[in-house]
**Student:** 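Below: one structure in structure tokens.
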Amino acid sequence: MAPQNLAQKIISSHLVDGKMEPGQEVGLRVDRVLMQDATGTMACLQFEAMGIPRVKVEHAAIYVDHNILQTGFENGDDHRFLQTFAQRYGIYYSKPGNGICHQVNLERFSIPGKLLIGSDSHTPTAGGAGMLAIGVGGLDVAVAMAGAPFYTKMPKVVGVKLTGKLRPWVTAKDVILEMLRRLTVKGGVGKIFEYYGEGIKSLGVPQRGTICNMGAELGATASIFESDEVTLDYFARQGRADDYHRFAADQGCSYDEDMEIVLDDLEPMIALPGSPDAVHKVRDVQGTEVQQVLIGSCTNSSYTELMTVAHVLKGRKVHPNVTMAINPGSKQVLETVTRDGSIYNIIASGARLLESGCQGCIGMGSAPGTDWVSVRSFNRNWPGRSGTKDDKVFLTSPEVCVACAVTGKITDPRDMGEYPDIPWPDKYVIDDTGIVAPVPASEAARIAVIRGPNIKPLPVRAPMEQTLQGEVLIRVGDNISTDAIMPAGAKILPLRSNVPAISEYVFYWIDPDFAKRAKEKNGGFIVGGENYGQGSSREHAALAPMYLGVKGVIAKSFARIHRANLINFGIMPFEFANSSDFELLKQDTKVTINNALGALKAGNKTMEAIADGNRITLKVDLTNRQRDVMVAGGLLNFIKSTQASR
Ligand code: MIC
Ligand code: SF4
């Protein structure tokens with residue numbers, strides 16, 4: 001057999017269907033799954049609808065980290081549902097306050113060489129510990145928990161050679177910001193990034209995790225590092241040396257594409273408001289006054305980062321015009337920094353210490369004031385995501401963040417003196433109090449699953465119609481994120497378990513009348529530009545439009561997870577054969593696609609739409625399996641029909 005890279009090794013050892021040729025669909029056996037609260041209630045309801053008594057993967061975990069504000073009964077009810085559901089069906093439950101799913105997963109449950117899928121787009125963070133970890137929609141997780149394979153297109157594997165060593169104050173965040181600068185937010189679609197070379201030796205597992213985490217912003221399927229002595233060291237300090245094994249690429253393996261980054265050449269970088277790929281050198285934008293600094297998120301809230309921040313803050317104060325808040329990635333991080341005494345420097349500086357969780361990253365608190373410049377160590381800054389319309393959110397490393405907090409303006413941290421070289425802790429504090437184990441299968445029947453009134457039944461689409469007909473309900477431009485389609489934030493996120501209620505907010509920031517119009521017109525079509533649906537895995541960006549009667553999205557191109565979610569919920573993802581036809585499909589244009597059902601069944605690669613008298617060719621790039629799913633009206637219907645016919 002030809003020498004294989006890491007991605008090929010994991011994919012070939014998990015392959016149950018299809019051929020490993022880039023672009024072909026592959027079916028993969030899933031070892032482990034991860035869910036979080038904002039996508040997890042739906043995934044659990046979907047799993048329940050399949051009637052399987054116990055999860056069939058080797059490890060499943062659900063983390064409460066997004067919806068933890070508890071401004072009404074909704075979040076608490078969801079937490080209770082998830083905990084009882086988890087105990088009953090064989091899932092580990094991580095309580096609110098225990099940390100962000102990706103950080104806790106890296107610390108406590110990552111295993112090199114395993115295949116993990118998770119209902120959150122930053123699941124690839126676990127690639128920092130040698131896992132092939134892929135972000136997917138909740139329904140894909142539910143199906144995997146039922147023991148079925150996960151299907152995706154075989155990605156291209158890009159080898160990224162890291163040479164040299166990062167200079168002081170330059171960090172892993174700068175590596176991934178450099179990738180975004182070079183490749184943009186759509187440069188990673190259909191690709192896995194595999195980092196190798198002597199440069200990886202100086203990056204710890206959490207730093208590798210930072211790089212893999214923000215590969216999601218490239219649109220990548222996953223990112224991965226080998227497991228080596230650095231990984232072993234991390235696992236040993238986690239008290240999990242037994243979970244380690246060496247997992248390396250074969251000597252002489254090759255990649256579909258190659259890149260190189262010379263670490264010594266990098267400088268502190270920052271993404272300007274609006275998009276994670278608007279990357280510049282900090283030096284080029286320094287001096288801008290800052291009103292808010294936030295440190296945390298699944299990208300950058302490990303022990304080393306918090307310790308570095310604490311060290312910089314020692315004997316210093318947060319600038320009078322700046323409000324600074326920190327949300328540690330996990331209880332373990334917070335506990336270890338507290339044990340070491342460094343938490344004192346953070347509190348004494350005047351920074352606000354928040355609990356471990358997603359917090360301001362998803363607009364759950366910490367929304368900036370009008371015209372504030374907000375500098376964050378997060379991974380996403382699409383307009384409005386912070387919870388404030390017309391926000392100005394910059395993304396950068398914790399090192400740049402803390403420099404800004406102290407000086408009150410965008411500052412290159414190399415102006416802050418000597419770089420604090422933080423050693424790893426001898427041992428992290430190991431205390432899994434925040435993780436509730438499932439009860440043994442033999443006792444599971446005694447656990448009653450508790451449902452509050454916020455948890456509404458799952459809406460299901462009817463099978464595919466013969467003819468698809470309706471008006472264009474909205475036309476949007478390129479790189480529309482799932483945050484734009486289905487916003488989050490403190491008002492909307494608590495409604496994730498209630499599709500009728502959350503549907504009222506589809507496209508809320510772009511066009512608050514969208515939901516009303518969609519209902520009045522009995523559904524219709526959405527028209528989009530390139531990379532439609534970039535960003536999160538939230539299937540509500542498909543599920544809620546489906547509930548409003550949307551039958552198809554016609555776009556120039558799609559982001560991977562959102563495209564899969566559209567198919568899972570029976571919404572046709574059409575691509576323009578000729579992208580200039582985009583101009584013909586304005587809001588209110590009447591669209592008819594005759595014999596859509598027949599064309600789907602016949603395997604046609606195109607369909608013709610009649611749009612106010614114009615004929616437009618639409619590409620239908622679906623595998624046979626996806627066609628069957630579409631005909632059934634979505635994946636849940638499809639699975640149920642295959643279960644019934646067995
Ligand atoms: C995000 O960062 O956008 C989220 C919130 O974590 C989402 C998941 C969700 O919307 O529930 C993601 O990244 O998939
Ligand atoms: Fe949470 Fe933000 Fe990470 Fe999403 S990107 S999982 S909201 S911390």
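Every number for a ligand or one of its atoms is a count from 1 in the order of the listing. Bear in mind the structure is a predicted one, so any value in this text is a computation, not a measurement.
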**Student:** Which atoms of ligand 2 sit under 4.0 Å from any heavy atom of Asn379?
**Tutor:** 5 (S)
**Student:** With a cut-off of 4.0 Å, which atoms of ligand 1 are near a heavy atom of Ala38?
**Tutor:** 11 (O)
**Student:** Give the minimum heavy-atom separation between His540 and Pro545, together with the two atoms involved.
**Tutor:** O-CD, 3.4 Å
**Student:** Under 3.5 Å, N or O to N or O, is Asp120 touching ligand 1 that way?
**Tutor:** yes
**Student:** Does only the side chain of Arg385 get under 4.0 Å from ligand 1, or the backbone, or both, or neither? Count heavy atoms.
**Tutor:** side chain
**Student:** Rounded at 0.5 Å granularity, tell me how far CZ in Arg352 sits from CD1 in Ile295.
**Tutor:** 14.0 Å
**Student:** Considering only protein heavy atoms, which is closest to atom 7 (C) of ligand 1, and at what distance to one decimal place?
**Tutor:** Ser536 CB, 3.3 Å
**Student:** Is the shortest distance from a heavy atom of Gln103 to ligand 2 less than 4.0 Å?
**Tutor:** no
**Student:** Spell out, as yes or no, whether a donor-acceptor pair under 3.5 Å connects the side chain of Asp37 to the backbone of His66.
**Tutor:** yes
**Student:** Could you grab the distance from atom CG of Asn498 to atom CD1 of Ile502, nearest 0.5 Å is fine?
**Tutor:** 8.5 Å
**Student:** With heavy atoms of Thr39 as the reference, note each atom of ligand 1 found under 4.0 Å away.
**Tutor:** 9 (C), 11 (O)
**Student:** Determine yes or no for a side-chain-to-main-chain donor-acceptor pair under 3.5 angstrom, with Gln36 supplying the side chain and Tyr63 the backbone.
**Tutor:** no
**Student:** Keeping the roles fixed (side chain from Thr210, backbone from Thr299), state whether a donor-acceptor pair exists under 3.5 Å.
**Tutor:** yes
**Student:** Nearest protein heavy atom to atom 13 (O) of ligand 1, by residue and atom, and its distance?
**Tutor:** Ser121 OG, 2.5 Å
**Student:** Does His540 have a heavy atom less than 4.0 Å from any atom of ligand 1?
**Tutor:** no
**Student:** Which ligand 1 atoms, with their elements, are less than 4.0 angstrom from a heavy-atom of Ser537?
**Tutor:** 12 (C), 14 (O)
**Student:** Can you check whether Ser302's main-chain N or O pairs, donor with acceptor, with Glu305's side chain at less than 3.5 Å?
**Tutor:** yes
**Student:** At what distance is the nearest protein heavy atom to atom 11 (O) of ligand 1, and which residue and atom is it?
**Tutor:** Arg496 NH1, 2.8 Å
**Student:** How close do Cys101 and Asp65 get, heavy atom to heavy atom, and via which atoms?
**Tutor:** N-OD2, 2.7 Å
**Student:** Would you say Asp174 and Thr171 are linked by a side-chain donor-acceptor pair, where the criterion is simply a distance under 3.5 Å?
**Tutor:** yes
**Student:** Could you tell me whether the side chain of Glu355 and the main chain of Pro96 form a donor-acceptor pair under 3.5 Å?
**Tutor:** no
**Student:** For the backbone of Ala7 and the side chain of Glu194, can you confirm whether one donor and one acceptor N or O come within less than 3.5 Å of each other?
**Tutor:** yes
**Student:** Give the residue and atom name of whichever protein heavy atom lies nearest to atom 10 (O) of ligand 1, and the separation in Å to one decimal.
**Tutor:** Arg538 NE, 2.7 Å
**Student:** Report the part of Arg385 (side chain from C-beta onward, or backbone N, CA, C, O) that has a heavy atom under 4.0 Å from ligand 2; answer both or neither where that applies.
**Tutor:** side chain
**Student:** For atom 1 (C) of ligand 1, what's the nearest protein heavy-atom neighbour? Residue, atom name and distance, please.
**Tutor:** Arg380 NH1, 3.2 Å
**Student:** For Ile362, take its heavy atoms, then give the atoms of ligand 1 lying under 4.0 Å from any of them.
**Tutor:** 5 (C)
**Student:** Can you list, by chain and residue number, the protein N, O or S atoms under 2.8 Å from atom 1 (Fe) of ligand 2?
**Tutor:** Cys358 SG
**Student:** Nearest 0.5 angstrom please: Cys358 SG to Leu69 CG, how far?
**Tutor:** 10.5 Å
**Student:** Using 0.5 Å steps for rounding, measure from the CZ atom of Phe109 to the CZ atom of Arg32.
**Tutor:** 8.0 Å
**Student:** Counting heavy atoms only, name the option from Gln36, His66, Met486, Met35 that's nearest to atom 5 (C) of ligand 1.
**Tutor:** His66
**Student:** Counting both backbone and side chain atoms, is some N or O of Asp483 under 3.5 Å from an N or O of ligand 1?
**Tutor:** no
**Student:** Does any N or O in the side chain of Asp277 come within less than 3.5 Å of the main-chain N or O of Arg181, such that one atom is a donor and the other an acceptor?
**Tutor:** no
